[in-house]
Amino acid sequence: MAEAGRGLPAIEPGMPAPAGTGLNRRSFLLRSGALALSVYGASLLRPEAFVEGIAEAAGAQGKVLVSVFLEGGIDSMSVLAPVGDDTYRRLRPRLRMAPGAGPAWTEDNRLQWHPSAAPLHQLHGEGKVTVVPAIGYPSADQSHFTSRHYWEVGELNTRTNTGWLGRMLDAVGSDENPLQGLSLDGSLAPSLATSRVPVAATWGASYDLWAPGVWGEVEDLMFESFGRLGAAAEASRDAQLSTAGRVVRQARSLREELRSFSGEVTSPVPYPDTGHFPESLAGLAAMLDAGLPIRVAAVGAPGGYDTHDEQAEDLAGYLAETCDGLLAFQRDLEARGIDDRVLTLVWSEFGRRPEENGSAGTDHGAGGSAFVIGSGARGRMIGEWPGLKTLDEDDNLRSTADFRAVYCSLLEQWFGIDAGAVIPGASGFARPALIG
Amino acid sequence: MSVPVYHGRFGAKQAERLLWRAGFGPAPGQAQRLGRKGMRKAVLSLTRPKGRPKLRGPKPHDNDGLPLAPQDAWGHDLLWWLDRMVRSDQPLAERMALVWHDWFATADIGQVSLNLKQNELFRKRGLGSFEQLLLAVTRDPAMLVWLSGNENEAGAPNENYARELMELFTLGAGNGYSEDDVREQARALTGWTNDWDDTRGMVNFRFEADRHDDGRKRIFGHAGNFDWRDSCRLCVGHPAHAGYFVERLWSYFIPTPPPKRTLQALKKGYRRDRSIRRVVEAILMHPALYEGPRMIKPPIVQIAGMLRARRSGVTTDAWTWIADEAGQRLFQPPNVAGWDEDRWLDTARISGRWTAAAWNTRDVAVDTDGYDERESASEAVSKALRFWGNPTLSAKTKSELRRFASRVEDVARDEWQQSAYRGLRQNALRVLIVMSPEFQTS
C-alpha cells in the first residue's frame with residue numbers, strides 16, 4: 001500500500017492538474033468543480049504531500065469494501081431454507097417454507113432461497129455472490145450486543161474498542177482523510193472505529209453545516225475558527241474534551257470535502273423507492289464514481305431481523321427491501337464501470353434457533369448467513385450447510401465457517417493487506433477463496 | 001467504610017457542572033444561585049425537591065402554534081418530554097427518567113400512549129427502590145409488548161425479556177448466569193397477556209394464571225415454582241447485581257469508573273434497601289464529579305440546555321428530527337441496550353448539534369443592516385456569551401473567539417462591510433460558542 005499522503009488536498013479553482021499524478025481531466029474537473037475545496041491549511045503541507053494527496057484523491061483504482069449489517073440476527077433458515085428436511089418441518093410447524101415457493105439454490109439443492117431473496121439468486125447465477133450458509137464462531141454467544149460486538153471488532157474479545165475495518169485503516173489509511181471510512185447511517189459504524197486515523201459519518205451522501213445570517217468571508221473565517229477550536233481541544237489531556245475536539249476538527253474538514261457533493265444524485269439505473277438504504281447506496285456509487293477516496297463504507301440494512309414474533313411477514317418485507325437495494329447497487333456499479341472495484345459484505349450477528357418459539361417467531365441462535373457480493377466475488381459457497389441432525393449444545397445451528405476467516409480472506413485477497421496486522425490470531429484461521 | 005465526599009470550593013462553576021450532569025444545564029443566573037448554597041445543600045435541593053414539580057415559562061406549541069398532542073401527532077412525544085426538560089423546576093426527576101429510558105430502553109411500540117405511561121413510571125419511581133422499579137417495569141405494558149412478555153406463555157416460552165432482564169437490566173452480559181438460566185427465567189416470566197380492541201388498540205394487560213408455567217424451575221442454582229416476581233427478586237438478589245447497578249448508574253454522571261473503595265462503599269449502601277436516591281446522592285457529592293475530567297453531554301441534554309440558557313420554550317416541531325440527527329431521538333432508542341454513551345459524537349452527530357445551534361439562532365439572527373459599526377472584538381464576544389446566559393468557557397476558548405472576532409475586522413475593508421461584517425460576526429459567534437468542543441462537554 002502506498003503511503004497515503006495527506007489525504008484530500010486543497011485545490012484552488014482553476015489550478016491545472018499537477019503532472020504525473022495520474023489524475024485525468026474528467027476527475028479533476030469533478031474535484032475542482034463539484035468539490036469546491038478550500039485552501040485553508042494548504043501552506044502547512046509539504047508540496048510533495050500535496051501531490052500525493054491529489055493522486056490518492058483521484059485513486060479511482062482503489063478497492064472498496066461496503067459492509068451491510070442486518071441488525072437483530074437474521075433467520076438464515078429462512079433465507080436459505082432446507083425445505084425437504086423432515087427435522088425442519090418438525091421444528092418449524094408454522095414458519096416453514098413450502099417447497100417451490102422460492103428458487104432452489106444451485107450449489108446445494110437441499111436449500112431454497114426465500115422468495116424475497118430472488119435478487120441474490122439472480123446475482124448468484126451470474127457468479128457474483130459468495131454464500132456462507134452457516135457462519136459463526138465457536139461457543140456462539142446469544143446476546144445481540146456481545147455477538148455483534150465480536151463481529152464488529154473481528155475477535156472474541158468484549159474489551160476491544162476498535163473495529164476490524166478501523167484497524168485496517170489504522171494500518172494502511174491516511175492521517176488526514178476522514179472519507180476513507182464512511183458510515184452512511186448518521187452515526188459511526190463500530191466496525192469502522194479507528195484508534196489513529198480519521199473516519200467520517202454522514203446521513204447518506206451529503207454533508208454541510210450552515211449558520212443563519214453568516215456568509216462570505218465571515219463564514220470562511222468562522223469555519224477556520226471552528227477547526228482551530230477543534231484542534232486546540234484535541235490536544236487536551238482531558239479524554240472527552242479531546243474527543244469533542246477531534247470530531248469538531250474532522251467535521252470541519254469533511255464539510256470542505258463533501259458540501260458541494262449535492263444530495264442530488266443521478267443514477268444510471270433505477271433504485272427501489274424505499275428510502276434511506278437505496279438512497280445511501282445510490283449516493284455511495286456516485287461518490288465512488290466521482291473518485292472520492294472512500295475505502296470502506298458501512299450502511300445498515302432496512303428493517304430489523306430480531307423476529308421473536310410473527311416472523312414470516314416482517315422478514316419477507318425487510319429481506320425484499322434489502323435484496324432489491326443490493327441488486328440495484330450492483331447494477332449501478334456495473335453501469336458506471338466500477339463494479340470491479342467494489343465488494344459488499346452482508347452480515348448479521350447470529351442466526352436464529354432452528355425450533356420456532358410460541359409466538360410464530362424464533363429466538364436467538366448461532367450459525368447464520370453471510371454474503372459477499374460483487375463482480376469480483378468468486379461465487380462459490382464457503383463452508384457448507386451443516387444440516388439439522390446434529391445441533392450445538394444450545395440446540396442451535398452449528399457453524400461451518402468462522403467470520404474471522406472471511407475477514408482474513410477479504411483483507412488479503414481483496415485489499416492485499418496482511419491479515420495478521422488486523423485480525424488477532426489471523427494465522428490460525430483458514431483463508432476461504434472469496435475472490436476471482 | 002463510607003463514600004468520599006467533595007470538600008473543595010463550591011461556587012457557580014461547580015454548580016454549573018452539577019446542573020449539566022444532574023439536569024439540563026443552568027437557566028441564566030441559576031448556577032450562581034445554586035453555587036451560594038454549598039455543595040451538600042445544592043445536591044439535596046436536586047435529589048429531594050419540595051412539593052410537586054412545576055413547569056415554569058411559556059407553554060410549548062408546534063409549528064402552527066397549536067398545543068402539543070404527544071399521543072397523536074408524529075414526534076410530539078419527544079417535544080412533550082423536551083418541554084419538561086426545559087421547564088421543570090425539578091430537573092433531576094427528568095434526568096433520572098432519561099437514565100431509565102436508556103436503561104430499560106423501549107422504542108415506540110406503535111401505541112405511544114403506552115410509551116408515555118412508561119415514561120411517567122420512570123419519572124415517578126426514578127429515585128425510589130430499584131427492586132420496585134424493576135417489578136413495575138416487568139409488568140409495564142410498553143415493556144410487555146416491546147420484549148414479547150405478552151407472548152410468553154406456558155408450553156411456548158419466548159426468551160426475549162428473560163435474556164435482557166439479566167443481560168441489560170440487572171447483571172450484565174454473561175455475568176453470573178447461563179443459557180439454562182435464560183430458558184428457566186423465560187418459564188418463570190410466563191403468564192402476561194392483553195386484549196386487542198379495534199378502537200383503543202392493546203388494552204387490559206394482565207397476568208393470567210393459566211398462561212403461567214407453574215412448574216419447578218432452577219434459576220441461579222435455586223429451585224422453586226418461581227413466577228415473575230421471583231424472577232425479578234432473584235436478579236436483584238444475585239451477587240453480581242449490586243456491582244452492575246452501581247457501576248452503570250455511576251457511568252451516567254461521571255465518565256471515569258468509580259475507584260475501588262468507592263465502589264465497595266456504594267454497593268454496601270445500595271444493598272441495604274436498594275434505594276436509587278442513596279446512590280445518586282453519593283455520586284453527586286463525590287469528588288470525582290467536581291475534580292474529575294469533563295463529560296460529553298448527551299445530545300438531548302445539549303439541546304434542552306441551549307433552550308434553557310436562552311429562556312426559550314419549545315416552539316417548533318423541528319426538535320424531533322434535529323434530536324434524531326444529533327443521535328438521541330427520545331422514545332426511539334436504537335435498540336434494547338439503549339444509546340451508546342461512548343459514541344455520542346462523530347461527524348454526523350456533531351452536524352446534528354450544529355443544526356440545533358442554528359435553529360436556536362436563526363429566528364433571532366441580528367440584522368446586518370445598520371449594525372453597530374464600532375463594536376469591538378471583545379464587546380462582540382461578550383454580547384454573544386450573554387445570548388447564551390454567560391456559560392463558563394476557558395480562557396483558551398475565549399481567546400480563539402476574540403481572535404476570530406478581530407480577524408473579521410481585518411477583512412472588513414469597504415465602508416459597507418464595517419457594519420455588515422460585524423452583524424455577520426455576531427451571528428457566527430453565537431454558533432461558535434455552543435459548537436466549541438468545550439460546550440459539548442461539562
Side-chain angles (χ1 to χ4, degrees), chain A residues 71-72 141-146 158 161 178 183 185-188 190 193 199-203 207-219 221-222 224-226 228-230 232-234 236 238-245 247-248 250-251 254 308-309 357-359 361 363-364 394, chain B residues 147-148 151-153 155-160 163 167-168 173-174 179 182 255 293-296 324-325 327 335-337 342-343 345-352 354 357-358 361-362 365-366 368 396-397 400-401 403-404 407-408 411 421 423-425 427-428 431-432 435-438 440-441:
Chain A
E71 183 172 5
D141 198 296
Q142 289 165 68
S143 153
H144 289 296
F145 310 103
T146 305
T158 53
N161 58 11
S183 307
D185 294 328
S187 63
L188 176 66
V199 290
T202 61
W203 176 253
Y207 195 84
D208 199 4
L209 306 169
W210 164 83
V214 186
W215 43 261
E217 289 175 297
V218 178
E219 185 183 36
L221 288 171
M222 175 182 72
E224 186 200 359
S225 188
F226 184 53
R228 286 172 55 93
L229 283 164
E234 190 177 6
S236 165
D238 186 299
Q240 299 209 2
L241 180 60
S242 172
T243 297
V247 172
V248 161
Q250 289 172 4
L254 187 65
H308 286 280
D309 324 291
N357 67 17
S359 330
D363 291 322
H364 303 182
D394 294 321
Chain B
L147 291 185
S148 318
E151 301 270 356
N152 185 17
E153 191 182 348
N158 184 312
E159 295 169 9
N160 207 359
R163 180 181 303 280
E167 178 177 334
L168 298 172
E179 283 299 317
V182 173
R294 300 180 73 82
M295 191 170 184
I296 292 171
D324 196 15
E325 197 189 336
N335 54 51
V336 61
D342 294 333
R343 298 196 196 280
L345 283 181
D346 54 43
T347 53
R349 286 168 167 180
I350 197 104
S351 139
W354 182 287
T361 61
R362 56 173 232 163
V366 303
T368 52
K396 216 167 156 186
T397 298
E400 176 58 38
L401 294 172
R403 178 184 179 278
F404 160 74
R407 297 265 284 135
V408 172
V411 298
Y421 276 22
L424 301 178
R425 171 174 77 178
N427 291 328
V431 171
L432 279 177
M435 288 313 296
S436 67
E438 206 175 332
Q440 311 315 307
T441 60

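- Heavy atoms of Ala239(A) lying under 4.5 Å from chain B are absent altogether.
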Exercise. Apply side-chain contact (heavy atoms from CB on, under 4.5 Å) to Arg343(B) and Ser187(A), showing your working.
Key: CA-CA 8 Å; Arg343(B) 298 196 196 280; Ser187(A) 63; over 6 Å; no
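- Interface remark: Glu71(A) contributes side-chain atoms only to the contact with chain B (heavy atom separation under 4.5 Å).
- Between the side chain of Tyr421(B) and the main chain of Glu217(A), no donor-acceptor pair closer than 3.5 Å is present.
- The main-chain N or O of Leu229(A) is never found under 3.5 Å from a side-chain atom of Glu400(B) such that the two would form a donor-acceptor pair.
- The backbone N or O of Glu325(B) lies less than 3.5 Å from no partner atom in the side chain of Trp203(A), so there is not a single donor-acceptor pair.
- The closest donor-acceptor contact from the side chain of Asn427(B) to the backbone of Val214(A) lies at 3.5 Å or more, if one exists at all.
- Contacts between Pro157(B) and chain A at a heavy-atom distance below 4.5 Å involve the backbone alone (N, CA, C, O).
- Both the backbone and the side chain of Asp394(A) come within contact range of chain B, with heavy atoms under 4.5 Å apart.
- Met222(A) is listed as a side-chain neighbour of Leu432(B), based on a closest heavy-atom distance under 4.5 Å.
- Side-chain polar atoms of Ser359(A) and Asn158(B) form a donor-acceptor pair below 3.5 angstrom.
- Residue contact with chain B, scored on non-hydrogen atoms closer than 4.5 Å, involves the backbone of Thr202(A) exclusively.
- Between Arg403(B) and Glu224(A) the shortest side-chain heavy-atom distance falls below 4.5 Å.
- With a 4.5 angstrom heavy-atom cutoff, Leu254(A) touches chain B only via side-chain atoms.
- Between the side chain of Thr347(B) and the main chain of Ala201(A), a donor-acceptor pair closer than 3.5 Å is present.
- Looking at Asn161(A), only its backbone comes within 4.5 Å of chain B, counting heavy atoms on both sides.
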